[in-house]
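Here is the structure we will look at, set down as structure tokens.
What you see below is based on every heavy atom in this structure, not just the backbone, and it leaves out hydrogens, waters and symmetry mates. Chain A is the first sequence line, chain B the second, and so forth, proteins listed ahead of strands; every chain is numbered from 1.
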Protein chains: 2
Amino acid sequence: MSKDPAALDDADYAALADFRATIRIFLAFSEGEAAKAGLSPRQHQALLAIRGVPRGEATVGYLAQRLILRPHTVSELAKRLSALGLLAGEAPQGDRRKLVLHLTPKAENLLRALSAAHQQEIRRIKPLLSDLLDRFG
Amino acid sequence: MSKDPAALDDADYAALADFRATIRIFLAFSEGEAAKAGLSPRQHQALLAIRGVPRGEATVGYLAQRLILRPHTVSELAKRLSALGLLAGEAPQGDRRKLVLHLTPKAENLLRALSAAHQQEIRRIKPLLSDLLDRFG
DNA sequence: GCCCATTATGTCGTATTACGATATTTCTCA
DNA sequence: TGAGAAATATCGTAATACGACATAATGGGC
């Protein structure tokens, strides 16, 4: 019998494990930085997603797509962030069912420091990640 | 006053948000595949980490380092996986405090299918990730 | 050869958080 | 205008990682 061309060998598994571990390293770094700022990882990602898009476009539904969460989960996330004084929301002109979220100045400041640190970390792991990707043909 | 050279502009935030979103896409894919196999993401990563290392090297402590979790958390993770019939463990010759974990045939089979799917998905997002990394200078 | 600090793993209770089911408000358009 | 859809919100629940603590085994100094 001939070898299955799609069969994975030890090197394939090692590459997958290394890829996953590298992502985990980045996420653990991010977790730590966010925690220093008093944020959960999701809260941090939510703030970043809002900052990364033009003002007025960050609705609950948009965030749900962007974070790959259920809309009602984002609703709770936004409530917690609002309670922390990091988010404000208002209904846009056209559709009063929607809620457009925007960062408070406090959130802008938090995110500025967090993002600088993350940018550095991504630059640090960039060669690692590139090499890793090359192991996937 | 001159502009802070380290200041982040909208494009920097967008790159960070896109990078994070791409990781989230991969993790959501992985979550879904793992769930189809009846595994949590951590359980999947644990199996992969064990498979990715030579037999006999995957102790609880090693996994804790690799997954960036507390050892006692890995202990519980291993207990759940054992209850599912996916892991077996035994004390190695030298040090009977340690517990070496290895996959059962059932876990090998699950992981084979999962890993093939993940390899494909990584190949799919590889160009996206590469372009993204280039946005970080 | 024995003691004790250290290492490795395990147990228990708790807090966080994402989800399903369901509800409410607003919009759309026939 | 009324029915159904869309967008967001509420509530109870389940999963899981952690801290604090416990147990077991090791090994170096004397």
Side-chain angles (χ1 to χ4, degrees), chain A residues 24-25 27-32 34-47 49-50 56-84 86-102, chain B residues 24-25 27-32 34-47 49-50 56-84 86-102:
Chain A
R24 180 73 188 106
I25 287 170
L27 292 177
F29 166 84
S30 186
E31 259 179 60
K36 283 195 242 169
L39 296 174
S40 73
R42 285 284 196 245
Q43 289 174 337
H44 170 215
Q45 195 183 356
L47 297 183
I50 294 168
E57 294 189 11
T59 61
V60 170
Y62 166 79
L63 276 184
Q65 281 195 328
R66 189 70 162 161
L67 307 189
I68 314 186
L69 293 174
R70 304 284 164 173
H72 71 264
T73 299
V74 173
S75 177
E76 292 180 323
L77 188 54
K79 185 169 64 174
R80 282 178 243 136
L81 284 166
S82 296
L84 290 172
L86 296 172
L87 274 193
E90 59 209 6
Q93 284 298 330
D95 190 338
R96 281 183 316 182
R97 290 173 304 179
K98 293 189 181 179
L99 180 63
V100 168
L101 301 168
H102 57 266
Chain B
R24 180 72 188 108
I25 287 169
L27 292 177
F29 166 84
S30 185
E31 260 178 59
K36 283 195 242 167
L39 296 174
S40 73
R42 286 283 197 244
Q43 289 174 336
H44 171 216
Q45 195 182 355
L47 297 183
I50 294 170
E57 292 189 13
T59 61
V60 171
Y62 166 80
L63 276 185
Q65 281 195 328
R66 190 71 162 159
L67 307 189
I68 314 185
L69 293 173
R70 303 285 165 175
H72 71 264
T73 299
V74 173
S75 178
E76 291 179 321
L77 188 54
K79 185 168 65 175
R80 279 177 246 136
L81 284 166
S82 296
L84 290 172
L86 297 172
L87 273 194
E90 61 208 8
Q93 283 297 331
D95 190 338
R96 282 183 314 182
R97 289 172 304 179
K98 294 189 178 177
L99 180 64
V100 168
L101 301 168
H102 58 266

Open item on the list: Base contacts versus sugar-phosphate-only contacts with protein, heavy atoms under 4.0 Å: please encode nucleotides 17-30 of chain C as B, S and - from 5' to 3'.
Closed with: SBBBB----BS---
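Checking the phosphate oxygens (OP1, OP2) of C:dG10, a side-chain nitrogen or oxygen of B:Ser75 falls inside 4.0 Å.
Side-chain contact between A:Leu47 and A:Leu87: present, with at least one pair of heavy atoms (C-beta onward) separated by less than 4.5 Å.
B:Phe29 meets the ring pair (Phe, Tyr, Trp, His ring centres under 6.0 Å) test with B:His118; sequence neighbours excluded. Partners of A:Glu31 under the side chain to side chain contact (heavy atoms under 4.5 Å, CB included) rule, at least two apart in sequence or in another chain, are A:Arg24, A:Pro41. Partners of B:Pro71 under the side chain to side chain contact (heavy atoms under 4.5 Å, CB included) rule, at least two apart in sequence or in another chain, are B:Ala64. With sequence neighbours excluded, the residues satisfying salt bridge (charged side-chain N to carboxylate O under 4.0 Å, His left out) with A:Lys36 are A:Glu33.
Nearest heavy-atom pair, A:Leu77 versus A:Ala46, reported as atom, atom and distance to 0.1 Å: CD2-CB, 4.0 Å.
Considering OG1 of A:Thr73 and CZ of A:Arg42, their distance stands at 9.0 Å, rounded to 0.5 Å. Separation of atoms CD (A:Gln65) and OG1 (A:Thr59) is listed at 8.0 Å; rounding is to 0.5 Å.
Of all nucleotides in DNA chain D, those with any atom nearer than 4.0 Å to a heavy atom of chain A start and finish, going 5' to 3', at D:dA6 to D:dC11.
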